[in-house]
Structures are given as structure tokens and as C-alpha cells.
There are 2 protein chains.
Amino acid sequence: MEQNLLVRKLEGYGPLSVNDRMVIEKMTAANVATFRAKSNILADGECPEQIHLILDGWAARYKTLSNGKRRIMAFLIPGDFCHLHVTVLKQMDHGIIALTPCKAAMLDSRKLSDLANKRPNLTRALWWTTLVDEAVLRQWVVNATRPAFTAVAHLMCELHQRLKSIGLVKDGKFELPLTQAELAEATGITTVHLNRTLKDLRESGLIELRAHSLFIPNFAALAKAAGFNDRYLRLREGKKRGDDIRLVNALIGGDSLAVPN
Amino acid sequence: MEQNLLVRKLEGYGPLSVNDRMVIEKMTAANVATFRAKSNILADGECPEQIHLILDGWAARYKTLSNGKRRIMAFLIPGDFCHLHVTVLKQMDHGIIALTPCKAAMLDSRKLSDLANKRPNLTRALWWTTLVDEAVLRQWVVNATRPAFTAVAHLMCELHQRLKSIGLVKDGKFELPLTQAELAEATGITTVHLNRTLKDLRESGLIELRAHSLFIPNFAALAKAAGFNDRYLRLREGKKRGDDIRLVNALIGGDSLAVPN
DNA sequence: CGGTCCATTGATCTGCCTCAATTAACGTGG
DNA sequence: CCACGTTAATTGAGGCAGATCAATGGACCG
């Protein structure tokens with residue numbers, strides 16, 4: 001990873017000081033693990049000792065049902081944590097699989113805890129990532145009951161916005177290194193039906209997808225078809241609040257931080 | 001509320017000191033609001049000033065879709081927070097409606113923040129509630145793609161276990177003050193189909209439901225039919241960890257706390 | 001005692017699933 | 001660099017779970 005995408009992601013929430021950035025970069029560079037495509041990063045039931053942070057590649061949260069089918073409940077991209085709260089909930093209630101070759105920083109939870117205690121704006125930024133994950137999940141619940149066309153379109157919008165926030169979208173185009181089977185598991189429909197739905201989306205001119213590269217010629221049009229509104233992703237949520245960050249810092253007992261307006 | 005159900009809920013996670021209990025009880029008693037059935041507790045887009053904690057009654061998180069249909073994404077019962085993190089994310093990305101007459105404590109977020117800072121085990125317990133909410137949401141994503149029979153059975157199991165953890169289940173029986181339309185919105189199926197599904201569940205002897213009172217004669221049987229495993233609800237998660245709570249307290253810089261084994 | 005909301009049931013329709021097969025892409029060793 | 005095996009994408013045909021439309025009975029309430 002040329003540049004630290006966690007830094008970039010967190011800055012999507014609010015300003016970080018130079019120190020914050022340095023500390024994050026040092027921490028995430030310390031201990032990096034590599035995972036092969038289709039290998040498990042964390043198994044269901046496992047009790048991880050460290051916090052995994054995706055630095056490169058795509059991963060997914062999933063559960064395997066009793067009938068052997070798998071349901072993907074979230075896609076993880078660079079800057080996403082696998083299990084931020086190992087100290088509160090030890091055991092995984094789902095698995096995490098690398099969909100592509102992945103690199104992940106292995107963070108010591110104690111160190112991260114210490115760090116967050118000293119840097120309230122970092123604490124808030126970490127909180128923010130958790131709450132956004134939850135908001136995305138709520139949207140997936142909604143999506144799961146909508147018609148396939150809308151649901152798939154919505155997923156494309158979500159991925160576009162999330163990847164854009166970490167700088168992985170160029171001219172409305174981004175890498176989507178997922179198989180149709182994986183997309184199907186994430187939308188809760190069959191591979192066959194997903195394929196037909198993609199065809200519909202292509203034929204309606206909303207997306208261009210070939211060789212795992214997705215191009216959205218007109219994002220507004222796709223968003224309209226999908227009923228997508230990125231408000232729930234809370235990009236720039238913290239920036240809008242610059243004014244009261246000092247108050248918040250005081251409130252949670254943290255050190256002060258110069259905040260650009 | 002005869003006894004404070006938040007206390008009871010949090011004790012489902014781990015031990016609270018006498019002080020913790022007192023502080024919570026005082027705080028939740030201070031400022032209580034009442035909501036009529038079918039009234040909005042928090043509207044989508046609203047920026048709440050206070051943290052709402054359900055003390056009595058049932059509420060639901062929901063989103064209204066562009067076609068006017070509503071999707072319920074969570075049921076809130078006594079002890080549940082509506083929006084614990086008003087300081088991190090100001091604006092609601094969904095609405096919260098009282099399904100029955102409700103009472104809710106209105107907590108000052110600043111005070112709660114202060115309190116949590118002084119009481120690390122309370123902080124951890126609050127974290128726990130957030131993480132369990134997320135785990136439930138993941139399960140709802142899975143549920144939304146399963147057949148109606150299984151999905152409804154699973155919901156019944158979830159509600160049974162959650163209500164049991166706050167002492168609202170007696171002899172396998174509890175009040176379920178929801179209309180079939182509301183249950184349908186929560187499972188993502190039609191009212192008509194939900195009705196038929198309930199009929200199926202009744203006829204297979206797994207549930208007895210009449211006059212908004214649900215009786216589960218054989219929970220294990222229902223759980224088996226639903227593919228339900230309550231591990232994800234993390235009841236007694238903290239208790240199992242009693243041994244290392246001191247370590248954790250030290251880790252997050254908190255005061256020490258006597259822990260029963 | 002009529003109005004309103006809720007539960008229940010029937011009949012019909014359809015989006016998506018299942019089963020099945022063909023074609024395209026990809027990787028790997030000869 | 002091509003042949004071949006494997007995995008991924010695509011298309012067809014038929015079936016079913018659940019949606020839609022419609023109507024009736026029951027419960028609660030002012």
C-alpha cells in the first residue's frame with residue numbers, strides 16, 4: 001500500500017493531527033501478515049489475540065448455514081477492521097475470509113487501547129468506523145428484502161462510495177475483484193439470478209462490468225435506480241463538526257487539538 | 001418498571017458493583033419521557049440531544065423505502081438504547097417508533113460519558129451492548145435470505161432469549177405485543193405470508209400464540225427448526241471472563257473492581 | 001352498535017430458484 | 001505456446017415460495 005488507507009479513511013471522518021497520522025502509520029507497519037486468496041483470516045468461533053486491519057485486498061464477513069450455503073454479511077476493503085473489539089467480545093460469531101490475496105496489519109489491542117486513551121480524536125474516529133459498519137449492516141437488512149435489480153445496484157453504489165473515500169476510484173471506475181458467486185452470496189440471491197441481474201443492469205446502461213473492472217458512467221442515475229443515498233456512510237461527518245471537537249475533547253477528557261475550520 | 005432492566009441486562013454481560021448499579025438507577029430515573037403507541041421516538045434525520053434508553057414497552061428501528069413500505073431492522077425492548085452515540089454520529093440514519101406505549105430515560109450524553117470514563121467496567125458493558133446489537137443485525141441479514149418458516153422461528157428464538165435475559169419470560173411464555181404486520185416488516189415478508197407462516201408454526205406445535213402472548217413449549221425444538229444458536233447474543237460473555245477483568249481494567253486504565261468468581 | 005384495525009383464508013401471479021448444459025476465461029504443465 | 005483441466009460466466013426450461021389482489025370474520029373501542 002503506497003499510502004496508508006486507514007489514515008485516508010479516518011480522515012474521511014474528521015481531521016487527524018500529524019502526530020495521529022504518524023502513530024497510525026508506525027503501528028500498522030509493524031506487523032503485517034499475508035493471506036492467500038480464499039484463505040480464512042479469522043474462523044468462526046476463533047478468539048483472536050490481535051486486531052486485524054485490512055491493508056490491501058478484499059475480504060468478507062460470512063456465516064455458513066446448516067445447509068452448507070454461505071452468506072456474506074459485509075465486504076472488507078483496505079482500512080477496515082476485522083474485529084476491532086477483541087477485548088470486549090473474545091470469540092468470533094462469524095468467519096472472515098480473504099477473497100483476494102490480502103495484507104493485514106496485526107495490531108496489539110493493548111497498544112491500540114493505550115493509544116486511543118491518549119488521543120480522543122482517534123477514539124472518536126474508531127467509534128465512527130464501528131458505527132458506520134453498523135449502519136451499513138442496517139442497509140444490508142433493507143437490501144436483502146428488495147428486488148434483485150435494486151439490491152445489486154445499491155451494493156454497487158455502496159462499494160463505489162466506500163472505495164472512493166479511500167481513493168480507489170478513478171473516473172467512476174474501480175476494481176471489483178469478486179466472482180459472481182460472491183456477489184450473489186452478498187445479495188442473498190442465486191448465482192444464476194445475479195448473472196441475469198447484472199445483464200439487466202448492463203443493458204439498462206447503468207454499469208459497465210468486464211474483467212472485474214466496474215465502470216459507473218452515471219453515478220446519479222445508478223443511485224436513483226438503487227434508491228441509494230450515501231448519508232448513512234457518514235463521510236465527512238466529523239469535518240462538519242469541526243467546531244465542537246474541542247468541546248468533545250474536553251468532554252471525554254482528552255488533550256486538545258488544533259482543528260482547522 | 002419495578003426493577004431497572006438496564007442493570008439486569010448489563011449484568012447479563014458481567015458483574016456490576018453496587019455503586020455501578022446505584023449510579024445507573026439514579027441516572028435512568030432522573031428524566032423519563034413517555035411515548036404513545038405508534039408515535040415516533042426519533043425521526044429519521046433527527047439530531048437527538050439526549051440518549052434515549054427504553055425502560056418500558058417495545059420500539060423498533062425502521063427505514064421507510066421510496067415505495068412507501070417500511071422495513072423494521074431491530075426491535076428495542078427495555079434496557080436497549082436508541083442511539084447511544086449521539087456525540088459521534090449526530091444525525092439519525094433511520095427512525096425509531098414506539099410500537100406500544102413506551103417509557104424512555106433521557107440521558108445526558110455528557111454525564112454518561114463522564115460516568116463511563118470513571119467506570120471502565122461500565123464502559124465495557126456499554127461497548128458490549130453496541131457489539132451485540134451489531135451481531136443481531138448480522139443475524140438479521142442472514143435471516144432475511146432464509147425461508148419464511150425458519151426466519152420467523154429464528155426471530156421468536158431471538159426475542160425469547162433477549163426477553164429472558166431481562167426476566168420477562170415466565171415458563172417459556174412472554175408478551176409479544178406486536179401486530180402481524182409489524183412482524184412481517186421485521187422479517188421482510190408480506191402480512192399475508194407471515195400469517196400463513198405463523199399458522200404453520202402453530203400447526204407444527206412449535207409455538208402457541210394467542211392474544212399477543214407467545215408460548216414456546218419446547219425451546220430446543222424451536223431452536224433446532226430455526227437453526228438458532230444464542231452464542232451471538234453473548235449472554236454471560238463477561239462473566240466467563242471474570243478472571244481477566246482486573247487485567248482489562250488495568251489495561252484500559254480504570255479503577256480496580258472486586259470481581260466475584 | 002357501527003367504525004376501525006387486525007387476523008385469516010382463497011385464488012392467482014411472478015420473481016427468483018433449481019436443474020442442466022454450454023461457453024468463456026484462466027492457469028498450469030508439457 | 002498450445003492442450004487441457006478447472007473455475008467462472010452465461011443461457012434455457014420448468015417449478016415453487018412468496019407476492020398480490022380480494023374478501024370475510026373477529027376484536028376492540030368510542
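The structure displayed is predicted, hence computed values, not measured ones. Below, chains carry the letters A, B, ... as their sequence lines are ordered, and counting in each starts from 1.
- Remark: P of D:dA19 and CD1 of B:I189 are 6 Å apart, rounded to the nearest angstrom.
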Pair B:N31, B:Q50 - check side-chain contact (heavy atoms from CB on, under 4.5 Å), show working. CA-CA 10 Å; B:N31 188 3; B:Q50 290 178 301; 3.7 Å; yes
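- Scanning both residues, B:L168 and B:F174, for their nearest heavy atoms gives O-CB, 3.4 Å.
- One atom, CD of A:E182, and another, P of D:dT7, lie 14 Å apart when rounded to the nearest Å.
- The side chain of A:K69 contributes an N or O atom lying less than 4.0 Å from OP1 or OP2 of C:dT18.
- In this structure, A:L194 atom CG and C:dG15 atom C1' are separated by 14 Å, rounded to whole Å.
- Listed nucleotides C:dA20, D:dA22, D:dG18 differ in distance to B:A148; the shortest reach to its side chain belongs to D:dG18.
- Dashed line: the shortest gap from a side-chain N or O of A:K199 to OP1 or OP2 of D:dG12 is not under 4.0 Å.
- Where A:H193 and B:T191 each meet DNA chain C at their nearest nucleotide, the meeting point lying more 5' is that of B:T191.
- Listed pair A:N195 / D:dT10 meets the phosphate criterion, a side-chain N or O lying under 4.0 Å from OP1 or OP2.
- Each salt bridge (Lys or Arg N to Asp or Glu O under 4.0 Å) pair with one or both residues in residues 133-162 of chain B, not counting sequence neighbours, appears once here: A:D93-B:R138, B:D80-B:R162, B:E134-B:R138, B:E158-B:R162.
- At least one cation-pi condition fails for A:K164 and A:F219: the charged atom is not both under 6.0 angstrom from the six-membered ring centre and inside a 45 degree cone around its axis.
- As a whole-Å value, the separation of B:D200 CG from D:dG18 P is 10 Å.
- Atom CZ in A:R210 sits about 13 Å away from atom P in D:dT10, given to the nearest Å.
- Considering only the side chain of A:T190, C:dT18 comes nearest among C:dA7, C:dT18, D:dT20.
- A sub-4.0 Å separation between OP1 or OP2 of D:dT10 and a side-chain N or O of A:R202 is present.
- Proximity note for A:Q180 (side chain, C-beta onward) versus C:dT8, D:dG18, D:dA9: the nearest is D:dA9.
- Side-chain N/O atoms of A:R196 and base N/O atoms of D:dG12 include a donor-acceptor pair closer than 3.5 Å.
- The separation between B:L209 atom CG and C:dC6 atom P is 15 Å, rounded to whole Å.
- When rounded to the nearest whole Å, the span between CD of B:E185 and P of D:dG18 equals 18 Å.
- Here the side chain of B:T179 is nearest to one of C:dC6, C:dT9, D:dA19, namely C:dC6.
- When B:K63, B:R61, B:R71 are each tested for a side-chain hydrogen bond (donor to acceptor under 3.5 Å, both in side chains) with B:H94, only one passes: B:R61.
- Per the geometry, CG belonging to A:L201 stands 16 Å off C1' belonging to D:dT10, to the nearest Å.
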